[in-house]
Amino acid sequence: MRVEILNFLKKTGSYVSGEELAQKLGLTRQAFWKHIQDLRGLGYEISAVPHLGYRLIKIPDRLYPWELAYRLNTKFVAKKTLYYKNVASTMDIAWELAKKGFPEGTLVCAESQRRGRGRLGRVWLSPYLKGLYFSIILRPKISPFKIGLISLLSSIGIVEGIKRDFDLPLSIKWPNDILAKERKLAGILMELDAEQDRINFVIVGIGLNVNTSKKEIPPEATSLYLLLNKRIDRVKVFKNILEEIERTYLSFQEEGENFIISNWRRLSYLYGGRVKVILPNREIVEGRVLDIDQDGALLLRKDEGIVERILSGDVEKIV
Ligand code: BTN
C-alpha cells in the first residue's frame, strides 16, 4: 500500500488530496496518514499543505527494491530483489538463495558490505551509500567451460548501462574489469555451482564505484563521481545496468557466442594490444592479444608465434 501511495505521488508530481487518495485506496484517513509517516521515516520528503494535500518533494538516495522496480523494463532480472543496509557480502546471500531454488534474475543488493570480495581473494571496498554492490542469480544453459562468457556479457551490460546516460570512455579489461581512463571503475566476480557438463547456477557479483571519493577507494580505482565531477543518481544507473545485462544475456541466448565476441572487440581495452599476463600459478606470459575464443578465453600470440589460450589471470598492458 505504501508503494501504491508513493507511485501515485510520483505519477501526479503535484499536490494530491489526502482524503481523495485515501478513499481511492480504501484506507481510513488515519491509516493513510500512518503510511505517509512511514514513507517519511524511510527518508521520503513529503510536504503536507492544508486544502492542497500531499506532494512528494524528494526521494532518498537508497536502493529500495520498489525504487528499482519502478518502471524497470526487464523480463526476469530483479523481478525478485532482496535489499540490505549492510551485509558481509551479497555473494553469500545470493548463493544461499540459489541453493534454495530462487529463480534466475533474483537480485541481492546492499548499501554497504563488511567483507566485499573480489577476484583472487582481494577485498572490494564497499562504503555505505556510495556504490552499487549486488549479486544476480543466473542459470545459463551452457557448458561450465563457457562460464567466462557470462562475465564478459555482464561487462558489456555494465558498459552499455552506464553509457546510456554518460558519455565516458569506458572499456572492458579481460576478464572482468570495467575501466575508465585506465582506472578501475567496476569489477565482476563469478561464483559457480556446476557439475561436469552443466551449470546449476552462477552468482554474478558486481561492484561499481558511483559516488565514492578518492580516499574511499584504492589508488588505481575511480568512480563515476570522480569522472563526472557530480553526484550521481545510483538508482538510475542501477536500473540501466540491470536492463542492459538482461538485454545482453538474452541476445547471447538468441545469437550465441559471436554476439559477445563482437561486442567485446568493440569495447575491449586489450584487443590488439601487447600485454603481460600473470597466470594463477604466478608464471608470466607476454604477447599480443589476438582475440577471445568461443569460450571467452583470451588468445595471446607469444613472441615465438605460438598462440596461448588463457583462461584466467591478471593482465597488464605494456608498450
Ligand atoms: C573484482 O574486481 O575482483 C570483482 C569485484 C566484485 C565486487 C562485488 S560487490 C558485490 C558482490 N559482493 C562481493 O562480495 N563481491 C561482489
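Counting convention: from 1, in listed order, for ligands and their atoms alike.
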Within 4.0 Å of some non-hydrogen atom of Gly116, the atoms of ligand 1 are 14 (O)
I'd like to know if Arg119 pairs up with Asp314 as an ion pair, taking the criterion as any Lys NZ or Arg NE/NH1/NH2 lying under 4.0 Å from an Asp or Glu carboxylate oxygen.
yes
Taking everything shown except Glu304 itself, do over 12 heavy atoms lie less than 6.0 Å from its CD? yes
Quiz prompt | Basic-acidic side-chain contact under 4.0 Å: Arg234, Glu111 | solution = yes
Counting heavy atoms under 4.0 Å, the part of Ile206 that contacts ligand 1 is backbone
Using 4.0 Å as the upper bound for N to carboxylate O, is an ion pair formed by Lys302 and Glu308?
yes
Can an N or O of Ser135 be found at a distance shorter than 3.5 Å from an N or O of ligand 1?
no
Worksheet item: Looking at ligand 1, does Arg122 have a heavy atom less than 4.0 Å from it?
Response: no
query = Between Gln113 and ligand 1, is there a nitrogen or oxygen pair with a distance under 3.5 Å?
reply = yes
Counting only heavy atoms from other residues, nucleotides and ligands, does the tally under 6.0 Å from CZ of Phe32 exceed 12?
yes
In ligand 1, the atoms that come under 4.0 Å of a heavy atom of Gly118 are 1 (C), 3 (O), 4 (C), 5 (C)
For ligand 1, is there an N or O atom under 3.5 Å from any N or O atom of Thr90?
yes
Looking at Arg119, Glu191, Lys184, Met190, the heavy atom closest to atom 3 (O) of ligand 1 belongs to Arg119
Same apolar cluster (I L V M F W Y, side chains within < 4.5 Å links), Leu179/Ile162 = yes
